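First comes the structure, then the notes that go with it.
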Amino acid sequence: MPELPEVEVTRLSFADRIAGSQVLAVGLGKPLRWPLGCPPEHLCGQRVLGVSRRGKYLLVSLQRPPAGGGASPEAGVLLVHLGMSGSLQFAKALPAPGVHDHFSMDTTAGTLRLHDPRRFGAVVYADSLADPVAQRLLGHLGVEPLSTDFLPDAFVAHMKQRRAPIKQVLLAGDVVVGVGNIYACEVLFLAGIRPTVRADRVSERRLRLLHAAIRQVLSQAVSQGGSTLRNFSNADGQHGNFQSLAKVYGRQGQPCHVCGTPIRRIVQGQRSTCYCPVCQRG
DNA sequence: AAAAGCCCCTGGATGC
DNA sequence: TGCATCCAGGGGCTTT
């Protein structure tokens with residue numbers, strides 16, 4: 001499933017190529033998680049300014065060419081979420097949409113297409129990032145883990161205010177974004193923290209280790225091209241190779257790489273958690 | 001405010 | 001072999 005590194009790798013794989021193009025046509029397949037929020041024709045003629053990212057959302061910024069006169073051009077943004085099974089393709093010529101291709105946008109530079117069998121993904125149009133439609137999805141998000149705003153002191157302070165199990169706080173995304181189920185398990189292993197421990201009961205020393213682990217694991221995963229744990233590929237169709245680096249996720253019953261103890265699997269918030277009962281006592 | 005549970009969906013794995 | 005059942009998971013929403 002796409003987590004922050006996969007989304008970032010996807011962005012890097014097509015952002016430069018689509019920037020500056022003009023939207024020619026938009027086609028929709030079966031309904032995604034949310035409706036597009038505007039008629040598909042509304043996008044036609046708009047210019048693609050660039051692609052940025054906020055958490056696991058890709059933000060495709062658009063601009064309608066001024067109709068004439070001095071009026072400032074209207075700007076808009078497409079919020080793209082890959083959900084659990086989504087992937088983007090961008091190419092000059094793509095074959096006809098398949099049964100799982102639910103959003104297709106032809107531009108002068110190529111076609112951008114969302115392939116999403118489980119349809120947990122979404123493509124939503126908003127007039128701007130300040131628009132309530134965008135704020136509903138982005139407004140509550142925490143700090144970007146790979147930005148210079150992700151500071152140890154603030155991270156510790158936030159965690160000390162939360163009583164929920166630390167893994168659930170990571171997944172909630174309101175302290176730090178982009179840490180999904182796989183990476184949450186991995187970073188807690190690296191920091192030696194038991195996933196079930198209340199966030200505010202974790203020592204400051206280990207919270208600082210966790211902060212460093214989040215930066216290290218996510219940036220490493222980006223440089224590796226993302227995870228292939230769930231058939232991930234970037235918009236060029238290339239696969240990442242992070243899966244071999246997972247130390248606990250999906251390894252229940254197998255020996256811990258550090259101490260040899262069998263990795264344990266539990267369920268938290270209807271999601272599986274894998275951890276080493278010996279290495280993760282903090 | 002924060003925490004916990006619900007629900008959307010379907011390919012792949014498992015069990016009979 | 002073919003069927004039914006279960007499971008995975010992101011994250012906004014509702015309820016506590």
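What you see is a predicted model, and the numbers here were worked out from it, not measured in a lab.
- Summarising the geometry of A:Val23 relative to A:Val26, their closest heavy-atom pair is CG1-CG2, 4.0 Å, with the distance given to 0.1 Å.
- Rounded to whole angstrom, the span from the NE2 atom of A:His102 across to the P atom of B:dC8 amounts to 17 Å.
- With values rounded to the nearest 0.5 angstrom, A:Arg17 atom CZ is found 10.0 Å from A:Thr107 atom OG1.
- Taking atom CZ on A:Arg119 and atom P on B:dC7, their separation rounds to 18 Å, with Å as the unit.
- Taking 3.5 Å as the limit, the base of C:dA8 and the side chain of A:Arg118 contain a donor-acceptor pair of atoms between them.
- Under the 30°/60° scheme for interplanar angles, the aromatic rings of A:His115 and A:His100 are found to stand perpendicular.
- Residue contacts shown for A:Pro31 are absent, as no nucleic acid heavy atom lies under 4.0 Å away.
- As judged by a 4.0 angstrom heavy-atom cut-off over every strand, A:Ser85 is placed among residues making no nucleic acid contact.
- The phosphate of B:dC9 (OP1 or OP2) has no side-chain N or O of A:Lys30 nearer than 4.0 angstrom.
- Between B:dA3 and A:Arg162, a contact under 4.0 Å exists linking OP1 or OP2 to a side-chain N or O.
- At a threshold of 4.0 Å, the pair A:Arg11-A:Asp16 does not count as salt-bridged, since none of the basic side-chain nitrogens sits closer than that to a carboxylate oxygen.
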Which letter, B, S or -, goes with each nucleotide of nucleotides 10-16 of chain C from 5' to 3', with contact meaning a protein heavy atom under 4.0 Å?
BBSS---
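- A salt bridge links A:Arg53 with A:Glu144: the distance from a Lys NZ or Arg NE/NH1/NH2 to an Asp or Glu carboxylate oxygen falls below 4.0 Å.
- For DNA chain B, if you chain together Watson-Crick or G-U pairs that step i with j, i+1 with j-1 and so on, the runs of at least three with distances under 3.5 Å are B:2-16 with C:2-16.
- Just one residue in the list A:Glu3, A:Glu186, A:Lys167 forms a side chain to side chain donor-acceptor pair (under 3.5 Å) with A:Asn181, and that residue is A:Lys167.
- A:Gln161 places its CD atom 15 Å from the C1' atom of B:dA3, with the value rounded to the nearest Å.
- Contact detail for A:Ala122 and A:Leu32: the closest heavy-atom pair is CA-CB, 4.1 Å.
- How far CE of A:Met159 is from NE2 of A:His211: 10.5 Å, rounded to the nearest 0.5 Å.
- In this structure, the NE2 atom of A:His158 is 17 Å from the C1' atom of B:dA3, given to the nearest Å.
- Contact annotation: A:Ser272 reaches the phosphate of C:dG9 (side-chain N/O to OP1 or OP2, under 4.0 Å).
- In this structure, A:Tyr249 atom OH and C:dC7 atom C1' are separated by 11 Å, rounded to whole Å.
- The separation between A:Asp200 atom CG and B:dA1 atom P is 19 Å, rounded to whole Å.
- Distance, A:Gln268 CD to B:dA4 C1': 13 Å, rounded to whole Å.
- Residue A:Arg198 places its CZ atom among more than 12 non-hydrogen atoms of other residues, nucleotides or ligands, all under 6.0 Å distant.
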